[in-house]
Amino acid sequence: MEKIIVRGGNRLNGTVKIEGAKNSVLPVIAATLLASNGKCVIKDVPTLSDVFTINEVLRNLNADVDFANNIVTVDASRELKEEAPFEYVRKMRASVLVMGSLLGRNGKARVALPGGCAIGSRPLDQHLKGFEAMGAKVKVGNGFIEAEVNGRLKGAKIYLDFPSVGATENIMMAATLAEGTTVIDNAAKEPEIVDLANLLNKMGAKVRGAGTGTIRIDGVEALNGTTHTIIPDRIEAGTFMVAAAITKGNVLVKGAVAEHLTSLIAKMKEMGIEIIDESEGLRVIGPEKLSAVDIKTMPHPGFPTDMQSQMMALLLQAEGTGMITETVFENRFMHVEEFRRMNADIKIEGRSTIINGPSNLQGAEVAATDLRAAAALILTGLVAEGVTRVTELKHLDRGYVDFHGKLAALGADIERVNDAISNKTAIVADLNA
Ligand SMILES: CC(=O)N[C@H]1[C@@H](OP(=O)(O)OP(=O)(O)OC[C@H]2O[C@@H](n3ccc(=O)[nH]c3=O)[C@H](O)[C@@H]2O)O[C@H](CO)[C@@H](O)[C@@H]1O
Ligand SMILES: C=C(OP(=O)(O)O)C(=O)O
């Protein structure tokens with residue numbers, strides 16, 4: 001079994017470089033399916049398992065996809081197939097993002113239903129409501145969603161009940177090739193939505209208002225290939241900011257964009273952490289004592305749910321009682337039990353957790369329950385007494401490139417081992433002895 005082994009106690013110092021954003025690159029790669037002429041060249045693509053999965057989804061749809069040196073090149077000019085099977089959607093929910101592109105380009109899409117996941121039930125009703133408003137017939141059955149339109153999609157006015165990131169992206173992509181104008185109200189405002197709109201506009205689309213609550217898309221006849229560089233990953237940046245603060249270190253998080261991290265910076269400053277906006281990124285200096293704060297996750301520009309578990313790790317080290325309320329996902333506290341195994345004092349009350357700090361954290365064997373929980377448990381291991389072993393690293397690899405290597409370069413005592421391999425090596429060594 002693969003494990004990350006951390007021995008707590010080292011302060012982190014130095015510079016870490018942030019990769020391109022996972023949550024940007026996945027919709028961007030899905031959007032390249034819209035180009036019926038020319039290739040799309042996407043730069044600063046992180047080598048994450050989710051990127052390999054979306055590339056496979058595209059290949060399966062008959063696109064040519066090449067991935068080398070952090071550049072993905074997609075040629076989707078051939079006729080596309082219409083189905084994203086369960087084997088991909090099961091690995092990564094964001095596979096459903098090909099639905100908007102396929103519907104816009106082909107008039108038909110068949111995507112396996114993702115089902116729930118460890119952080120919540122995550123329905124797709126807002127995506128489907130948008131496609132239906134644009135004239136698609138949507139059918140759900142036999143584990144698949146099928147959407148089909150006779151001729152072209154028609155522009156429509158769509159109000160989202162919740163500013164869903166995925167629904168905003170899927171509807172935006174479909175609308176680029178629709179007849180007439182689509183208006184999405186109560187749209188998500190995340191920086192990744194703006195990145196996707198910038199790519200679409202370079203491909204020849206007419207998208208305005210991305211980053212605000214109302215996005216207007218004037219449909220065009222066809223889209224072309226282009227070159228695009230992915231924005232830096234604000235969640236990876238935030239995770240390293242917490243790593244610096246929790247270890248009382250001094251780290252330059254190179255490439256971090258302050259405007260993408262306003263709510264996190266505000267909360268970290270409230271906790272007593274020094275954050276300096278330098279030309280290359282954000283420098284984070286951890287204080288000797290952290291103060292407890294209350295946090296409520298919200299759609300952007302509110303506090304990101306994807307930083308919730310990492311901030312819980314930080315609050316475990318703060319003086320006093322802090323509260324975290326999760327409003328985006330209904331079940332994103334699975335990591336609490338794992339933190340408790342490390343001697344954390346946390347209570348769950350409905351959608352809130354009460355964290356009493358500072359905890360006398362102790363190393364333990366813990367299992368990652370989702371991607372951000374994996375990172376949070378490793379962060380906790382950086383300050384726990386003794387050795388922490390974190391398993392279920394498939395979650396970590398979805399969203400972090402060489403996480404342990406980057407922490408080790410900053411001075412952490414951390415390694416990644418594979419028991420299966422070391423057992424095999426031991427057996428071979430025995431045989432040779
Ligand atoms: C690949 C990607 O970009 N993933 C991000 C994206 O996920 P994702 O796009 O799945 O998140 P959404 O914004 O859609 O979901 C937020 C909430 O809305 C609900 N909902 C969503 C769609 C829908 O049709 N009906 C519905 O009820 C979800 O169950 C959830 O409770 O945004 C989340 C919220 O910032 C982040 O945590 C994820 O990292
Ligand atoms: C929840 C996350 O991602 P996804 O939507 O891809 O599951 C995340 O990045 O923390």
Side-chain angles (χ1 to χ4, degrees), residues 19-31 46 48-51 53-54 57 88-100 111 113-133 138 140 145 158-173 184 186-196 230-231 233-239 260 263-264 297-311 326-332 334-335 351 368-376 394-400:
E19 315 272 334
K22 162 181 108 43
N23 288 352
S24 207
V25 78
L26 299 176
V28 158
I29 292 179
L48 299 171
S49 62
D50 272 11
V51 171
T53 305
I54 193 91
V57 173
Y88 303 121
V89 183
R90 185 177 47 132
K91 270 198 214 152
M92 184 190 72
R93 297 179 49 83
S95 307
V96 301
L97 291 172
V98 298
M99 203 159 181
V111 173
L113 262 176
C117 81
I119 59 175
S121 67
R122 304 182 78 174
L124 296 170
D125 55 307
Q126 301 301 305
H127 303 232
L128 305 186
K129 170 172 114 172
F131 297 149
E132 280 174 334
V138 177
V140 181
I145 309 169
I158 299 156
Y159 170 79
L160 297 179
D161 297 345
F162 180 90
S164 155
V165 173
T168 303
E169 291 167 344
N170 240 338
I171 296 167
M172 213 161 87
M173 289 189 263
I184 311 173
N186 200 24
K189 301 174 187 161
E190 271 70 359
E192 293 77 20
I193 303 280
V194 178
D195 202 25
L196 176 63
I230 297 294
I231 57 169
D233 194 314
R234 64 193 163 98
I235 306 300
E236 190 202 10
T239 305
H260 294 173
S263 57
L264 178 69
T297 67
M298 304 276 268
H300 194 78
F303 192 91
T305 172
D306 292 351
M307 281 302 301
Q308 183 250 103
S309 43
Q310 301 90 315
M311 285 303 273
E326 172 61 59
T327 77
V328 178
F329 289 108
E330 74 274 15
N331 190 31
R332 208 171 191 177
M334 302 275 280
H335 43 278
R351 299 195 80 157
T369 49
D370 74 58
L371 158 55
R372 306 303 166 187
K394 63 177 188 289
H395 296 296
L396 185 74
D397 296 337
R398 287 191 47 222
Y400 294 90

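As the structure lists them, so they are numbered: ligands from 1, and atoms in each ligand from 1. The first residue in the sequence is number 1, and the count goes up from there.
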Inset, instruction - For atom 10 (O) of ligand 2, grab the closest protein heavy atom and report residue, atom and distance to one decimal in Å. - result: R372 NE, 2.8 Å
Inset, instruction - May I ask whether P123 places a heavy atom under 4.0 Å from ligand 1? - result: yes
Inset, instruction - For atom 19 (C) of ligand 1, state whether the nearest protein heavy atom is under 4.0 Å away. - result: no
Inset, instruction - Examine ligand 2 and decide if any of its atoms is less than 4.0 Å from a heavy atom belonging to M92. - result: no
Inset, instruction - Write out the residue and atom name of the closest protein heavy atom to atom 1 (C) of ligand 2, then the distance separating them to 0.1 Å. - result: R332 NH2, 3.5 Å
Inset, instruction - Ignoring hydrogens and angles, tell me if any N or O in the side chain of R332 forms a donor-acceptor pair with the backbone of Q308 under 3.5 Å. - result: no
Inset, instruction - Kindly identify the option in K22, M307, Q308, E236 whose heavy atom sits closest to atom 2 (C) of ligand 2. - result: K22
Inset, instruction - Mark yes or no for whether Q126, through its side chain, and D161, through its backbone, hold a donor-acceptor pair below 3.5 Å. - result: yes
Inset, instruction - Of the side chain and backbone of A167, name the one, both, or neither that has a heavy atom under 4.0 Å from an atom of ligand 1. - result: neither
Inset, instruction - Would you please determine whether R93 falls within less than 4.0 Å of ligand 2 on a heavy-atom basis? - result: no
Inset, instruction - Please state which part of L128 comes within less than 4.0 Å of ligand 1, counting heavy atoms only: side chain, backbone, both or neither. - result: neither
Inset, instruction - Give yes or no for whether the N/O distance cutoff of 3.5 Å, strictly under, is met between D306 and ligand 2. - result: yes
Legend entry - Shortest protein contact, atom 34 (C) of ligand 1 (heavy atom only): T305 CG2, 3.9 Å
